[in-house]
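Chain letters run A, B, ... following the sequence lines, proteins first, then strands; residues in each count from 1. The structure displayed is predicted, hence computed values, not measured ones.
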Protein chains: 2
Amino acid sequence: MSISTVSYALNGSAKVSEPTRTRIKEIADRLGYAPKLAARTLKGNKTNIIGVYISSFQGEFYGELLDGMQHRLELLGYDMMVNSGNRTQKFLSEKLFDGAIILDNKFQDDDLNKVLTQGNKVVVLDREVSHENARTVLLDNASGSKEAVEYLVSQHQENYYIISGPRGNYDVETRLQAAIETFEKSGKSFKILEGDFTEQSGYEAAEKIIAEAKDKTVGVYSLNDDEAIGFYRYARRHHILLEPQFKIVGFDNNHSADFLYPILPSISYRKHLWGEQAAETLIDLIESKPSAKNQTIKTALSFRK
Amino acid sequence: MSISTVSYALNGSAKVSEPTRTRIKEIADRLGYAPKLAARTLKGNKTNIIGVYISSFQGEFYGELLDGMQHRLELLGYDMMVNSGNRTQKFLSEKLFDGAIILDNKFQDDDLNKVLTQGNKVVVLDREVSHENARTVLLDNASGSKEAVEYLVSQHQENYYIISGPRGNYDVETRLQAAIETFEKSGKSFKILEGDFTEQSGYEAAEKIIAEAKDKTVGVYSLNDDEAIGFYRYARRHHILLEPQFKIVGFDNNHSADFLYPILPSISYRKHLWGEQAAETLIDLIESKPSAKNQTIKTALSFRK
DNA sequence: CTGTTAGCGCGTTCAG
DNA sequence: CTGAACGCGCTAACAG
């Protein structure tokens, strides 16, 4: 029983007879033997692992997205590993991953370019990229933003605000631009308050907006739901009834905003599908299928149930 | 410039002069060269990667926990990768990870034992294990559960319920046992309704409980907050005012339950710390430090803010 | 200090 | 079914 026979047996090659295979598998099992990934990879140059890069594990944002990726990748015969933190970027260059999905503002454009130049395949969910080894699967922020603002304007408020997000972020910039255009087209004036997508920043924005409001009615477009939740939290803590003076719209349709009162309308999109599309596109890219094209994920105003 | 010099230079060996090192690094950078993890691992028998196994990415439960692990592991010089799904268990046997943290009911006891027998180091957060290669970092469910029930009983309700969780689960069984003991000690009778830790199961339990209640006051101990949220959702959808007839206590102190009305008291614990302890214990175990002992995470009733 | 050479780690796979 | 080369980087031994 030679080394190669063992290898063939364990990998299901037809070069080994059934009885031998069975015997080998039994022995391997008894010994707790498992071929090392490192050795196999060295020879094969492929790991069948996809690396996913996110900026933080905190928050409910990623769960459904990752779940979508995971399920699709499993179907396609790949495994998935989730990373957060700068140091792990090296694993892509070091060929631990056959490809990566990136939704991580801490992953710098420079580093991304380096990685692409090295020949790594990447799908990006948080910026525009043009490179033969990259594809994008992006939200249709413009359309969602337009709908959000149109809804607010239809409520005929007296003053309007946008609570912004971290500048430079793709989603922020595209949502902002579309919102501004839509406000201008409607002839309504508005103010922009800076935010950073955290609850805290929404809380602080609420303080300003409510102080400025006096007895005017106000419409607020919060560029994500976390900020909107912060807004509600401020109101609750200060015993301010939002209804009917304040109308707010958010973005992301967070599950955890389901119990806010009054209901928080929000721009929603299919997170699970987003993850699936990202996975599918990446594998198409890795396997050099021509179907590996840039994708867009639709958005629409939702009023929860 | 020989191969060995390059290796020495890139790995910071003293056998290479600074100028040479710098030059080599520049060239490597320009060429986009990065030593492959597989080759390095094969020789060194160590990856400095810790695998974390969770049963699903969904839900807000894991975020803070993973964040705690991640930060502590980073401090200790390790990288972390998060896995979900049965197929990825093999990576531990295949020596991609130097060790693992497991909080995954889909990770079977049999498989865990196999992995431990192979010599892999593991910290487990969701069951009791006794093995030289394993340590546990578990919640003090008994204490939390006792406090939850004592709180309910102090509210002097007429009927009491427990909404259970998935049977066999360590947290469920220990919470349940302590709850039963505490109810019995107080002389109160109670009913147990089955649940599975999902919102849906809490929703269904609410339907039964509310139908049975008539005009009696009711105390409900929901073994996790997701179920409690389901309870509230049922009440809201059917326009039932919970206060003052229904008193509910949960477990986990989920952030997303912050906006429930009336306030949902819940057994809380420091998730971030939990993750940190798990990480620390695992590394101690890997590095054969005697400090690698089983740990317990404290719990306490919390009324949110 | 730098270069050369060679062995090692471990599984895969071709040629026999 | 077996022998041996191979993949890639690390490192020890030795020479310049």
Check: Has the side chain of A:Y53 got a donor or acceptor atom that lies under 3.5 Å from a matching backbone atom of A:T88?
Finding: yes
Next item on the list: Write down the distance between OH (A:Y33) and C1' (C:dC10), rounded to a whole number of angstrom.
Entry: 7 Å
Notebook entry, point to check: Just checking A:S17: base, sugar-phosphate only, or nothing, at a heavy-atom cut-off of under 4.0 Å?
Noted result: sugar-phosphate
Next item on the list: Could you check which of D:dC1, D:dC8, C:dG11 has an atom nearest any side-chain atom of A:L42?
Entry: D:dC8
Checklist line | Salt bridge present between A:E64 and A:R270 (N-O < 4.0 angstrom) | finding: no
Check: Once you build an axis from the first five pairs and another from the last five of the helix from C:dC1-D:dG16 to C:dG16-D:dC1, how far apart in angle are they, to 10 degrees?
Finding: 40°
Note to self: For a quick check of understanding: with a heavy-atom distance under 4.0 Å over all strands, which category does A:V6 fall into, base, sugar-phosphate or nothing?
What the structure shows: nothing
Next item on the list: In whole angstrom, give the distance that lies between atom CG of A:L37 and atom P of D:dG7.
Entry: 19 Å
Margin query: With nearest nucleotide decided by heavy atoms, which residue, B:S7 or A:R21, maps closer to the 5′ end of DNA chain D?
Written below: A:R21
Check: Would you say B:T5 reaches C:dG3's phosphate, i.e. side-chain N/O to OP1/OP2 under 4.0 Å?
Finding: yes
Next item on the list: Could you check which of C:dT2, C:dG11, D:dT2 has an atom nearest any side-chain atom of A:Y8?
Entry: D:dT2
Next item on the list: Describe the nucleic acid contact of B:K43 in one word from base, sugar-phosphate, nothing, applying a heavy-atom distance below 4.0 Å.
Entry: base
Note to self: Rounded to whole Å, please give me the gap between NZ in A:K95 and P in D:dG7.
What the structure shows: 17 Å
Margin query: Measuring from the side chain of A:T20 (C-beta onward, heavy atoms only), which nucleotide among C:dG11, D:dC10, D:dC1 has the closest atom?
Written below: D:dC1
Check: What nucleotide among D:dC10, D:dC8, C:dC10 has an atom nearest to a side-chain atom of A:A39?
Finding: C:dC10
Note to self: Using OP1 and OP2 only, check whether a side-chain N or O of B:K36 sits under 4.0 Å from D:dC8.
What the structure shows: yes
Margin query: Within the 4.0 Å heavy-atom criterion, would you say A:T41 contacts the bases, only the backbone, or no part of the nucleic acid?
Written below: nothing
Checklist line | Whole-Å gap separating P (D:dC10) and CG (B:N48) | finding: 14 Å
Margin query: Using a heavy-atom cut-off of 4.0 Å across all strands, would you classify A:I3 as base, sugar-phosphate, or nothing?
Written below: base
Notebook entry, point to check: For the side chain of A:R40, counting heavy atoms from C-beta on, which of C:dC10, D:dC1, C:dG11 is nearest?
Noted result: C:dG11
Margin query: Tell me the interatomic distance from A:E94, atom CD, to D:dC10, atom P, rounded to whole angstroms.
Written below: 10 Å
Check: Can you find a donor-acceptor N/O pair under 3.5 angstrom joining the side chain of A:S4 to the base of D:dG3?
Finding: yes
